Each structure stands twice: as C-alpha cells, then as structure tokens.
Amino acid sequence: MSRPRDIIEGAISSPTVFRNKDKLYPEYIPRRLPHREEQLKQLALIFKDLLLDPGSAPHRAFLVGGVGTGKTVTSRVFGGSIMDLAEKRNVKLRYVHVNCHRDRTLYSVVSEIARQLKLPLPTRGLSAQEIMAYILEYLDERNMHVIIALDEFDYFARLAGSDAIYFLVRTYDEYPWKAKRLNFIFISRDSSSLGMLDPATQSYLVRSTVRFPPYSSRELYDILMDRVAEAFYPGVVDEEVIRYIADIEGSEHRNGNARVALEILLIAGEIADREEAGRVTVEHVRKANTIVNPEITVLYDTLKYLPLHELLFMFAAVRVLREREKAYARIGEIEAEYRRLCEHLGLKPRRHTQIYEYVVELRRIGVIDTRTSGKGYRGKSTLVAVNAGPLDHLERKLFELISSKGGVWG
Ligand SMILES: Nc1ncnc2c1ncn2[C@@H]1O[C@H](COP(=O)(O)OP(=O)(O)OP(=O)(O)O)[C@@H](O)[C@H]1O
Ligand SMILES: [Mg+2]
C-alpha cells in the first residue's frame, strides 16, 4: 500500500493535458469573443455619445438572452474596452459590474457601486439614499462618469421593487441642469423584468435592446477552438473532440450554452488526466457529458422499452464507435455491424428501410444524435453519435437487455 504522501505527490507531479486550466474557468475573461462582434458594436453605438459628449444625456442598454449566451462576459469586455477608449479621449469613465443575484436590495447594490468606485465612505450607518448622494458628489467633484451593469437584473427588480429601481435609475435624471453621470446596462434572461421599470425608461430600453441568441454548433466550435489553444498543450485535443462538444451543446440539439460547452471541455480534460491518458478523447467527452447533463442517465431507463432489433442496432453503433474511437460513425458501417450481430445470434436482420426508422426513433428518444457528413468524409451520408454516457457502460447495459429479450450469445 502506498503512503498518503506518495499518492499525493504522484498525483501532483503526474503529467497533465492542461497548460493553463484557469482559461476554462467561468470567471476568466477571454481575449476575443467570437460571434459577439455584432453585440459589441450595438453597445458601442448605444454608448457612443458618452465619449463624444459626456454628461449630456444618460445612456442605457438592455442585454437579453438565454443561459450561457455571453451576456456577462460581453458586458465586461465592453466595459473594459470603453474605459480604455475614454481614457485616450480624456473622459473619466468607470465601468462597474454588480451581480444582483448576490446584491438584491437597493442598499447592497448602492454599497457595491460605492465599493467598486473605491469611494471613501463614513463608517457610520448610511442609508442607500445617502450613499447615492455621496456617489454623485464624488463623480461631480472629479467630473467622472460611470456605466453600471446590473447583471441578473430580474433578481433586483423582483426583490427591491419599482420604487427602488426608479430611485436608482431615474432620480438623478430629474435635475435638468446637472450632468448625467449615471449610465446603465441591464442584463436579464428575458424581457419580463422590463415591466418593473418606469414607462419612459421602458420605451427607451426597447430601442436599446441587444439580443444574445443561443450559440449554434459552428459558433461554439470557434469559441472552443480559441480556448483550447489557450488552456491545453498543443496536440492533446483533437479537432474531432472540439467538434463533438460543439455538436452536443449547439442550439441545433440543445441550449447553445457556451458555459456548458466549456465545462464539458474542462471535465473531459480532468478525466483524461485522471486516467493519465495524455490526450482528450471523444470517450472522455461522453463521460463529461453525463456529469454535466445528469439527465442523460435517465435515458438508460428508456432503453429497456426498446424492441430487440432497435437494441441490436444501438449495440452495433456502440461497438463501432468504441472500436474506432470516433464521435461519429457512418450509418452504413453500423448497419454492417448490425448484420454481423444478427448472424451471430441466428436472427434475421431487418431491411435497410426499417433500419432508417430505428435511427429516427432512437434519435427521437434522445439516445443517439445524427448529422449529415461534411468535411473529412467522402460523399454524403448520415453519421450517428451516441452521447448517452461512457460507451463501456452502455455496451454492458445493452448486452444485458438483449440477452433478457431473447438474444442468445454464442
Ligand atoms: N463569444 C464568446 N467567446 C468566448 N467565450 C464566451 C463567449 N460567450 C460566452 N463565453 C464564455 O461562456 C461562459 C458563459 O458566458 P456568460 O457568463 O457571459 O453567459 P451569460 O449569458 O451571462 O449566462 P447567464 O444567463 O447564465 O448569466 C463564460 O465562461 C464566457 O467566458
Ligand atoms: Mg451572466
């Protein structure tokens, strides 16, 4: 038995596929934002006058889109860049990012803004209104402007209520002679929180809405490619692995959530390290996929209701994929394996048209995925992937089910 010290030392010094794992963590701000160029441009247009004619009018944007579509990261990247540009033009501008999931009350939002502006506040207990007055005074004295991003705005809207929102967003606009120093970016997963704002702000925001659609597989592919280059050693992640993750999570199949795609990539790399594989394979991705999307294992239960020949086809698919260590196999290859299996079991194989119906049905219940072959494959044919977890697991499960349904293995 190894000593704990040796175990720990071995694990620490064992080789890894990661050059820089931090680059896959959610808080990392990447150098580029593929496929968010349009959103950055729209933000720039909304806040343009803040640089050209600072203080003349308040500027506001509303960012809306589903989970993991890059709202937070785009807002942060925009904030960082516009601060740089402002500095070049001698405009004093700060970007402040408040997560309203954490700070849901007016008091905590205002305190957080003050904290990020590094505002020295008296230690005695101040009200939100008093802190706000300090902030305004501080900005006035320095001729400074601020963009306040209220991320996960719906939490603040629901908890703090319309009066608090009005106070934060509108009160200081109501002094016409004063410079407009407070600008806002509202971030939300849907537009319902808009209803909590005053009608004037609402109609303004409808025109200043920036939408974040879910990412397609191709878009995720580009995002992942960028990160792979930063986070992994060269050559340890195959192009096929990246394409596979992008296919799994792309909006064509699932939510188009970049966070999930990056998480699958990170976990696949960690599994590869644990297995000391030295490279990340599609099987590592399948394992990571079941960890990130545990509902997949529920699919295992649906397998037992499948008729024998669908199980056999599925089994053939798993066999071919395992053997080839690929994400996808051509339908023809799987069919050939299926025929061999039937022969082996003394069963009469179903016809080709029937096989096609199996594929449609298996895809419908979610145990396989398909796509049409493109680059890297000769001719056009249907490719089949099995995303439902590690294949060795699945192979065992299918073997048992086939046996229980009368398949007698020689
Ligand atoms: N275009 C992109 N390029 C590079 N990385 C991206 C891109 N879009 C999103 N990401 C990354 O994906 C993850 C999720 O993005 P982000 O947190 O911005 O999503 P979100 O829209 O704010 O989601 P939520 O609604 O859950 O808060 C982050 O790690 C982010 O860095
Ligand atoms: Mg976010």
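Every number for a ligand or one of its atoms is a count from 1 in the order of the listing. Owing to the predicted nature of the structure, the values given are computational and were not obtained by experimental measurement.
- Here L262 has side-chain heavy atoms under 4.0 Å from ligand 1, and that is the only part of it that gets that close.
- One finds no salt bridge joining E263 and R259 here, because no Lys/Arg side-chain nitrogen approaches an Asp/Glu carboxylate oxygen to under 4.0 Å.
- The local environment of CZ in R218 is sparse, with at most 12 non-hydrogen atoms from other residues, nucleotides or ligands closer than 6.0 Å.
- Side-chain polar atoms of Y305 and E310 form no donor-acceptor pair below 3.5 angstrom.
- With a 6.0 Å cutoff to the six-membered ring centre and a 45° limit on the axis angle, R340 does not count as a cation-pi contact of Y338.
- Annotation: cation-pi pair R76/Y95 absent, no NZ/CZ under 6.0 Å from the ring centroid and within 45° of its normal.
- F62 and F186 have tilted rings, their planes meeting at an angle from 30° to 60° on a 0 to 90° scale.
- When all heavy atoms of Q39 and P213 are compared, the closest pair comes out as NE2-CD, 3.7 Å.
- Below 4.0 Å from some heavy atom of V67 lie the following atoms of ligand 1, by number and element: 23 (O), 25 (O), 26 (O).
- Atom 19 (O) of ligand 1 has as its closest protein heavy atom G70 N, 3.2 Å.
- Backbone and side-chain nitrogen or oxygen atoms of I223 are examined, and none is located within less than 3.5 angstrom of a nitrogen or oxygen of ligand 1.
- Remark: the Y244 side chain and the N387 side chain contain an N/O donor-acceptor pair separated by less than 3.5 Å.
- For ligand 1, the polar-atom distance check finds an N/O of K71 within less than 3.5 Å of one of the ligand's N/O atoms.
- Where the criterion is an N or O separation shorter than 3.5 Å, residue side chain and backbone included, T72 meets it with respect to ligand 1.
- Aromatic rings of F18 and Y233 (six-membered ring for Trp) have centroids beyond the 6.0 Å cut-off, not under it.
- At least one N/O-N/O distance between R259 and ligand 1 falls below 3.5 Å.
- Residue-to-ligand polar distances place V73 within reach of ligand 1: an N/O pair is separated by less than 3.5 Å.
- Under the 6.0 Å cut-off for aromatic ring centres, H352 and Y356 qualify, their centroids lying closer than that.
- The contact set between ligand 1 and R36, taken as ligand atoms under 4.0 Å from a residue heavy atom, comprises 1 (N).
- Distance from atom 7 (C) of ligand 1 to its nearest protein heavy atom, with residue and atom name: Y215 OH, 3.4 Å.
- Considering both main-chain and side-chain atoms, G65 never comes within under 3.5 Å of ligand 1 through any nitrogen or oxygen pair.
- Atoms of ligand 1 found under 4.0 Å from any heavy atom of T69, numbered from 1 in the order shown, are 19 (O), 20 (P), 21 (O).
- The nearest heavy-atom contact from the protein to atom 28 (C) of ligand 1 is P26 O, 4.1 Å.
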*asked:* Determine whether R189 and D154 satisfy the following criterion, salt bridge (Lys or Arg N to Asp or Glu O under 4.0 Å), listing intermediate values before the conclusion.
replied: CA-CA 8 Å; R189 285 190 188 153; D154 17 333; over 6 Å; no

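- Only the side chain of R189 comes within 4.0 Å of ligand 1, judged by heavy-atom distances.
- For the ligand labelled ligand 1, residue R227 lies inside the 4.0 Å heavy-atom shell.
- Atom 23 (O) of ligand 1 has as its closest protein heavy atom G68 N, 2.9 Å.
- Geometrically, ligand 1 and Y25 share no nitrogen or oxygen pair separated by less than 3.5 Å.
- Comparing P214, A261, A258, P34 by heavy-atom distance to atom 9 (C) of ligand 1, the nearest is A258.
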